[in-house]
Peer 1: 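Here it is, the structure in full.
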Amino acid sequence: MSAAPESILRAPTPAAWVEDALRHVPELLQDHANCEKKAASTALALMFAYPEDRALAAPLSRLAREELRHFEQVARAMTALGVPYIRQRPGRYAQQLRTLLRTSDPGRKLDLLLTAALIEARSAERFSLLAPRLPQPLARLYAELAGAEARHFTLYVGFARDNAPQEWQERLQLLAVHEAQLATEPDAKFRFHSGPLGLPLDAPRTP
Ligand SMILES: [Fe+2]
Ligand SMILES: [Fe+2]
C-alpha cells in the first residue's frame, strides 16, 4: 500500500523543472543513477546506525536491494541511449536537507527517517510527472519507479510514526517546508531533485 506523494510534500514541482528535465535527459539519467545508489546507501546506513531496531532491518534490507535493481535498470537505459557515465557533482538538495538533521538521538533517527521519506516522495512525484512526457523505454521505466518510490516513502513515514508517535508530524512539517523550498526555488545546476534552472535567490545580483 502506498499513499500519494502530495500528502507529505508542501509544494508541487514547478512546471519549469519538468521542461528543464526534458532538455537535459543525459544529466537527468546520470543524476538519477546516482540517486538510486544513494537511496540504497541511505537504507544501509540506517541498518548500521540502528542494529537493535529489528522492525527496520528486514524492510530496509529489501528496500536497499530494490534501489540497487533500480540503479541497474537506469544503467541499462543509459547504455541503450548512449549516455556516458561521468562523475557528477551533487546538487544542493540532499546536502542542504541534511543541515536540519539533529545531531543526537532520539531526534536524529526521526529526522533521518523523515528526510528519507521526503526524498522518496519527491522522487515518486517527479517520476509521475516525467513518465508521460518521455519516450520509451524511459516512459515505462519511470512509471514503474513512481510506484516503487511511493511505496518507499510510505514505508519511511510508517517507521517515523512508530518511532516518535508524539513528534513525527510536527517535525515533518518543519522538514517538508525546507524540502519544498529546495525543490522549487531557482537552482544553478539541473539535477533530479533540483529546483528549476535560474539564478539562485541567494546569488549575488548586480544592481
Ligand atoms: Fe529507487
Ligand atoms: Fe526509493
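Start at 1 and go down the list; that is how both ligands and their atoms are numbered.
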Peer 1: Of all residues at least two apart in sequence or in a different chain, which pass the side chain to side chain contact (heavy atoms under 4.5 Å, CB included) check with Ala11?
Peer 2: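 Per chain and number, Ala11 pairs via side chain to side chain contact (heavy atoms under 4.5 Å, CB included) with Ala180, Thr184.
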Peer 1: For His70 together with Phe127, are the ring centres under 6.0 Å from each other?
Peer 2: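 Between His70 and Phe127, which both carry aromatic rings, the centre distance is not below 6.0 Å.
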Peer 1: Decide whether Glu36 and Gln73 meet the rule of one side-chain donor and one side-chain acceptor closer than 3.5 Å.
Peer 2: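 Per modelled atom types, Glu36 and Gln73 side chains form no pair under 3.5 Å.
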Peer 1: The test is side chain to side chain contact (heavy atoms under 4.5 Å, CB included); show your working for Arg133 and Glu19 and say whether it passes.
Peer 2: CA-CA 9 Å; Arg133 303 284 309 275; Glu19 301 308 318; 2.9 Å; yes
Peer 1: Excluding waters, which protein N, O or S atoms are within less than 2.8 Å of the Fe ion (ligand 1)?
Peer 2: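 Per the 2.8 Å query on the Fe ion (ligand 1), atoms found are Glu36 OE1, Glu67 OE1, His70 ND1, Glu149 OE2.
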Peer 1: For Arg126, what residues pass the side chain to side chain donor-acceptor pair (under 3.5 Å) criterion, not counting sequence neighbours?
Peer 2: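 Side chain to side chain donor-acceptor pair (under 3.5 Å) check on Arg126 returns Thr13.
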Peer 1: Could you list the residues that satisfy ring-ring contact (aromatic ring centres under 6.0 Å, His included) with His193, not counting sequence neighbours?
Peer 2: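 Expected list: Tyr93.
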